[in-house]
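This report concerns only the one structure given below.
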Amino acid sequence: MADSGSEDIAVIGNTDLTPSESENNLKNTMVEKGTSLLKRMEISVAEAEKRTGKNAVNMQETYTVYLIETRPVDAASEGTNPVPDSLWRRYSEFELLRNYLLVAYPFVVVPPLPEKRAEFVWHKLTADNMDPDFVERRRVGLENFLLRVASHPVLSNDKIFYSFLTEENGWKETVFETGFQAKADSRLKALNATFRVKNPDKRFAEMKHYGDELQAVISQLLRVRARAADRLYGVYKVHGNYGRVFSEWSAIEKEMGDGLQSAGHHMDAYAASVDDILEEEEHYADQLKEYLFYADAVRAVCRKHELTQFELEMAAQDLTSKKQQREELATGTVRTFSLKGMTSKLFGQETPEQREAKLKMLETQIEEGEELVKERNAECDEYVKSAWVDIERFKEQKDHDLKEALISYAIMQISMCKKGIQVWNNAKECFSKM
Amino acid sequence: MSDPVVDNAVTSGNSSVAIPTDISGQILDLDEDDDLEVFSKGTTLTEGSSFNASMQTSPASMINQYKFEEEEGDADTKDIFVTVDNPESLVTAIETYVTYRVMTKTTRSEFDASEFEVRRRYQDFLWLKGRLEEAHPTLIVHPLPEKFVMKGMVERFNEDFIETRRKALHRFLNRIAEHPIFSSTEDFKIFLTAESGELTSHKKQGPSFLSRMGETVKAVAASVRGVRNRPEEFTDMQEYVEAFTQKIGSLDKVSQRIVREKKEHLEELKECVPIYTLWSQSEEELAEPLKSMAGCLDSCCKETEEQVKELNDHLIPALHEYVLCTETLKAVLRRRDNIQADFEAKTEALAMKKADKDAESKVLSLAWDSLVGRSPEEVKQQKQQKLKGEIKEMRDELDKMEDRLEWANNALKSDWTRWQKVMRTDLRSAFVDTAERNVNCYEKCLAVWESFLHSQRTEAEGNGEVDCS
C-alpha cells in the first residue's frame, strides 16, 4: 500500500490482482475498520467435508460440513501460532444463525449467506450442490459471511454469534432458548403493513425502491453474464479444433509441417486458457450475487420500518378514535355514524351510570393508548435512527465493494487480453514459418 | 515418325491437343532465351485457338520454361495488372444479371494497347475457365466462386454476395494472369480485351456442344476402365489430395464455427451494456464507474465486431477457395489418369492387332476364300497388307498418345509444384493476417480496460480512499 499514485505508470502497475488477493483486500478493510471482535480473533472457514448421517425423519442423507477456525490475534502475531480452535458446522446452522440475527436486530442490514442452490449457472457449471467447485465457492462465501458479521459494529457483539464460533455442542439449543422464532414478524403482518401504512419515512421508501431496482438489475446482469460465459467458452474451445487439424495437416506437408505443428500447440493452449478466465469471472459473479442478496436484506429493514410505523399509526388512530368516543359521550353529540349511536337512538339512551362507567373505561383506555403511542413513537424513532445509521454504513460498504468488484473485473479483462496477445503473437510467428 | 508438321488431327481422348511429332532436334537445342522468345511469339498469332499458341514448343523446353519462371520473383517481372470491380445489375427483357468491370494494364507486346476496360458477367468467367481446362487438362486452374450459395436463401443480387463474388473473381483473374501458361493464352487475352459482341462470336468457336458431349462420354468410359500402371508420384499426389481435402474442409468448418460462436458471444456481451447503464441511474457514487463500465464493454463489442467482419472477409473466403481447389485437383488427376488409360488401351489394342497379324499369317481359311474365288495366297497377301496398314496407323497414333501422356505428366508435375507454392503462400498469409488481427483486437480491448482502471484508481486516490494495490 505504498502506492503514492502520483505517477500514472505506478497506478496501472499492479494489474495482476488475483481473486484471493482482492478477497484479502476486502478482509483487510474489514479488519482495519475493525470491530473489537476482529481485533481479538481471526476467523476462517478452512475446510469442507462430506458427511453422511440420519436426518430428522431418520433417513440417510449426505451433507457437507464446514470447518470454522478461530485463533486469537495476539498469539498469531507473536509467532507462537497455536493450534486454532475449530468446530464443524453445516449450512443449515448458518441459516439458523442468520435467521436469529434477522429477528434480534431488525434494524441491521444483515449480511447474506451464499446461495443455497447454484443459480445463474452456465453450461459447464453444474447445479449440483455436491459439486466440489460449488462447495469450494460456498466455503469462501460462508467465510465472507462470518467476517462481515464479525466486522459489523452491532452484530459482532452478539453472544449467540460468539458461541456459534466457539461452542460446538448445544449451540442450537441456546439459540432456540432465546425464543426468537416467536418474535419473528409474520409475513402476512408485514405485507399488511406495507399496503396500509400512510406515512413511512421517505428515505426508507426510496431505499426500498432502490433495493428493488438493485435486485432487478443484478439478476439481469447475472443471467446475461452466464450466457456470455457459455459463449466465450465455446469460442475458445473451438480453437482447440484448429490445434487438432493443424497437427493432422502438418503430417502431410513437408515444408509447412513444422510451422503448422507448433501453431497447433498454441491453439491448444489458447483453448485451455478459458478455464482460468472463467473461474475468475465466476468470482466476479459471486461478488455481484452477494449484493443481490444484500438487496433483500435492505428491503427487509425497510419493511420493518413500515411495520413499526404502521403499528404507531394504528395506535395513534386507535387513540384518536377513543378520544373521539369520549368527546361524544361527554357532549352527547354523535359526530360519526356508529351502530351504538344508532341503536341508542332507536332503543333509547343509556343511563347516566352506564355513561359514567363507559367514560371511566375510556379514560383508562385513553391513558393506556397514550402510553402506547408514546412507546411506539419512541420505538419508531429509535428504529428509524438506528436503521438509518446502518443503512448509511451499508451504502458506504456497497459503494466501496462494488467499485472494487468492477476494478477487479477490469483487471481480469486486462489479464485475458494480455494472454490473448501472447498466444496470437506466438501463433503468428509459427504461421509465418509455414 | 517422319512428319515435322504440327498435326492438328483430333485424336481420341479429351481434347484436340497438337503435339509436334519431331522433338528430337529441339531437345538438343536448349537455348532458354530462344525458347522464351518462341514461346511468347507464339501468342502473337491472332487467329487460332489457345491450343496452338502454347504448343509451339516441346514439352521439354516447356519444363525449362517453368523452372525459369519459378526462380524469378513474380513481383519484379509482373507486366500485367488486372482488377475486377464495379459490379452493376443489368436488366434486359429476358433476364437480370450482374456485370463486373475488368480493367487491364499491361506492357506485354502481344496486347494491342496498354490499357483495357471491359464488362464481363459470371458466365464469361465460367467460359474462360472451361476453355483453359479443355486446353490444358492437367494444369491446375484456380477455382471460381460457386454458382449458387447453398446455405440459406442468398439472393444473387444481395450486396454481400456480390462483393464476395467480385473479390473471388478478382483473385481468379489474377491467378490466371500469374500463371506462366494460362496468362499467355489467346482466350485469356480475348477475355480481357474483347468487346461483348466480339467475345460472343469468339465463344461460338471451338469444340461444339455435341463434340464436348462425346468427349465427356469417352472420359467417363475411360475412368471406368481405370489406369494400370500409374506412376508412384501420381499415386502420392492422389493420396495427398485426399488428405488435404479433409484437412482444408475441416479448417473451413472450424473457422465458420468460430465466427458463429463469436457472433453469439457478441450478442450476449452487447446485452450487458444497457444493463450497466440502467444500473448507473439508481446509483450515486457508483454511477460514474458503472457508466464507464458500460462504455468499456461497448468499445470491446465494437472491436470484436470488427474482428469478426475481417474473419468473414479474409480468412473464410481464403479457406473456401482452397476447398474448391480440391475439386480441381481431383479432376486434374482424373484427367491425367484418363489420358494414361487411353494410352494403355491403345497399346493393348495394338498388341492384339499385331497378334492378329501373326495369327493370320498362319491360318489358311481355305473354305470361304475358295468359295469367293480367290487364291489363298492372294487373300493372305491382301489381309497382311491391310493389317500392316492398320498397325502402322495405330502405331502412329500411339506415338502421339505417348507424347501427349508425357506432356500431360510433366505439365502436371510442374504445375503441381507451382500450386503447392501458391497454396503455401496463400494460406500462410491468411493465417498470419488472422493472427495479427486477433492481436490487434486484443490490444485495443486492453487499452480500453487499462484506461478504465486508471480512471477508477486515480479517482479513488483523489477521494482519499486507500487503494490496496
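Small disclaimer: the values here were computed from a predicted structure and weren't measured. First the proteins, then the strands, lettered A, B, ... as listed; each starts at 1.
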Compare all side-chain heavy atoms of [X] with those of [Y] and state whether any distance is below 4.5 angstrom.
X	Y	answer
B/R257	A/N241	yes
A/E248	B/Q246	no
A/L214	B/W279	yes
B/V439	A/K428	no
A/W424	B/N440	no

Might you point out which heavy atoms bring [X] and [Y] nearest each other, and give the distance in Å?
X	Y	value
B/A435	A/F431	CB-CD1, 4.1 Å
A/L406	B/P289	CD1-CB, 3.8 Å
A/Y242	B/S255	OH-OG, 2.6 Å
A/I252	B/K247	CD1-CG, 4.4 Å
B/F452	A/A410	CD2-CB, 3.5 Å
B/R457	A/I411	NH2-CD1, 3.6 Å

Give the C-alpha distance, both sets of side-chain angles, the deciding distance and a yes or no for side chain to side chain contact (heavy atoms under 4.5 Å, CB included) between A/R227 and B/E271. CA-CA 10 Å; A/R227 288 202 303 263; B/E271 263 194 62; 3.4 Å; yes
Can you establish whether the number of heavy atoms outside [X] located under 6.0 Å from its atom [atom1] is more than 12?
X	atom1	answer
B/E284	CD	no
B/K330	NZ	yes
B/D313	CG	yes

Give, as side chain, backbone, both or neither, the part of [X] having an atom under 4.5 angstrom from any heavy atom of chain B.
X	value
A/E255	both
A/K419	neither
A/L260	neither
A/Q220	both
A/Y210	side chain

Let me confirm one number: the [atom1]-[atom2] distance from [X] to [Y], rounded to the nearest 0.5 Å.
X	Y	atom1	atom2	answer
A/S432	B/D433	OG	CG	11.0 Å
A/K418	B/C445	NZ	SG	14.0 Å
A/K395	B/E283	NZ	CD	9.5 Å
B/L286	A/D401	CG	CG	10.0 Å
B/N438	A/H239	CG	NE2	6.0 Å
A/C417	B/K444	SG	NZ	12.5 Å

Please rank A/Q413, A/E213, A/R244 by heavy-atom pairs under 4.5 Å with chain B and give me the top one. A/Q413
Output the option from A/A216, A/G234, A/A229, A/G259 having the highest count of non-hydrogen pairs under 4.5 Å with chain B. A/G234
Short question: side chain of A/R231, backbone of B/E264 - any donor-acceptor pair under 3.5 Å?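 Side chain of A/R231 to backbone of B/E264: no pair is present.
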Under 4.0 Å between a Lys/Arg side-chain N and an Asp/Glu carboxylate O for A/K398 and B/E285?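 Salt bridge: no.
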Tell me which of these, B/K253, B/E443, B/R260, has more heavy-atom pairs under 4.5 Å with chain A than the rest. B/E443
I'd like to know which of B/Q281, B/E239, B/M423, B/Q420 tops the heavy-atom pair count under 4.5 Å against chain A.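 Option with the greatest count: B/M423.
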Portion of B/L427 that has a non-hydrogen atom of chain A nearer than 4.5 angstrom: both
Go through the atoms of B/F431 and report whether side chain, backbone, both or neither lie under 4.5 Å from a heavy atom of chain A.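 Both backbone and side chain.
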Residue that, paired with A/V245, satisfies side-chain contact (heavy atoms from CB on, under 4.5 Å) out of B/L251, B/D252, B/I248: B/L251
How far apart are the C-alpha atoms of A/Y236 and B/E261, what are their side-chain angles, what is the distance that settles it, and do they pass the side-chain hydrogen bond (donor to acceptor under 3.5 Å, both in side chains) test? CA-CA 9 Å; A/Y236 272 75; B/E261 296 278 348; over 6 Å; no
Whether B/W449 and A/Y409 hold their rings parallel, tilted or perpendicular, with breakpoints at 30° and 60°: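 Rings of B/W449 and A/Y409: perpendicular, over 60°.
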